[in-house]
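Reading through the structure tokens given below for one structure.
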Amino acid sequence: ELKKHSPAEGELDGALASPADQAHAYMQGGAAVLSVLTEPARFRGSLYDLHSVATSVATPVMRKDFLVSRYQVREARLAGASGVLLIAAMLDAKQMQGMLEAAFELGLFVLMEVFDEPDLEKAVPVLEQLLGGDRNIEAFNPGDWTRDNPQAHYAALVQLVDGSWLSFTPPERSWGLEIGTRIAIII
């Protein structure tokens, strides 16, 4: 994750000359995908930062921001992004569907941030409609994604990603692996 500033921690990595330099440092460290914060007010990011990184590395680059419209998805693609972050809690089902459709039309990957059952209940029908799935919403039980039953019903529909991997405890990491997580975000 490339970000210049954090509201909680202030200026970050001020010694690096540019987002492209930071991206190259992450690539040397083995990063498979880079995310670039483009939110200007709290994180001091920009579409220019995204473009700078996307044109300087060969790995996929994702726009990370508080996106709420198809237009912002298009902006990401024009700036060189390979993917976008969508936050389920910020979107209603219609927005989510429109933004996913725009991303897929533009050939972008999507990282959908889902933190709780209401987010999941909103996202699953939209994803099923766009990606296929068994369309049997009545049979879906969001409780299947809880720690009580880690065999996630929709694990085949989407790839699970654990966030903030380094801050997780060993039991939390083990649980993530049990439910099929094979990708982690290192922040």
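Sequence positions, counted from 1, serve as the residue numbers for this chain.
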Legend entry - Side chain to side chain, Leu111 and Val84, heavy atoms closer than 4.5 Å: no

Inset, instruction - Go through Phe104 and Val110 one step at a time and tell me if the side-chain contact (heavy atoms from CB on, under 4.5 Å) criterion holds. - result: CA-CA 8 Å; Phe104 296 156; Val110 174; 4.0 Å; yes

Inset, instruction - Looking only at non-hydrogen atoms, find the nearest pair between Pro60 and Ala32 and report the distance. - result: CD-O, 3.6 Å

Inset, instruction - Could you tell me whether Phe109 atom CZ has more than 12 heavy atoms of other residues or ligands within 6.0 Å of it? - result: yes

Legend entry - Shortest non-hydrogen contact between Ala23 and Val57, atoms and distance: CB-CG1, 4.0 Å

Legend entry - Exam field: side chain Thr55 to backbone His51, donor-acceptor pair closer than 3.5 Å: yes

Legend entry - With Glu39 via side chain to side chain contact (heavy atoms under 4.5 Å, CB included) - residues at least two apart: Ala41, Arg42, Phe43, Asp65, Phe66

Legend entry - Any donor-acceptor pair under 3.5 Å from Lys122 side chain to Ala88 backbone: yes

Legend entry - Note, Leu34 side chain near Met62 side chain (heavy atom, < 4.5 Å): no

Legend entry - Reported CG-to-OG distance for the pair Leu85 and Ser35, which is rounded to 0.5 angstrom: 8.0 Å

Inset, instruction - Would you check if the side chain of Gln72 reaches a backbone N or O of Leu67 as a donor-acceptor pair within less than 3.5 Å? - result: no

Legend entry - Sidechain N-carboxylate O distance under 4.0 Å for Arg70, Glu105: yes

Legend entry - Side chain proximity check, Met112 to Ile87, heavy atoms < 4.5 angstrom: no

Legend entry - Reference residue Leu37; test side chain to side chain contact (heavy atoms under 4.5 Å, CB included); the match among Arg63, Lys4, Glu1: Glu1

Inset, instruction - Check whether any side-chain heavy atom of Lys64 sits under 4.5 Å from a side-chain heavy atom of Thr38, and report yes or no. - result: no

Inset, instruction - Specify the closest pair of heavy atoms between Val61 and Ala54, including all atoms of both residues, with the distance to one decimal. - result: CG2-CA, 4.0 Å

Legend entry - Polar side-chain atom of His24 near backbone of Ser56 as donor-acceptor pair, under 3.5 Å: yes

Legend entry - Contact check, side chains of Leu2 and Asp49, non-hydrogen atoms, under 4.5 Å: no

Legend entry - Heavy-atom side-chain proximity of Gln22 to Val53 below 4.5 angstrom: no

Inset, instruction - Kindly compute the distance separating CG (Leu106) from CD (Glu101), expressed to the nearest 0.5 Å. - result: 11.5 Å

Inset, instruction - Step by step, work out the side-chain contact (heavy atoms from CB on, under 4.5 Å) result for Leu108 and Val73. - result: CA-CA 9 Å; Leu108 298 172; Val73 173; 3.8 Å; yes

Legend entry - N/O donor-acceptor pair under 3.5 Å between Gln95 side chain and Asp92 backbone: yes

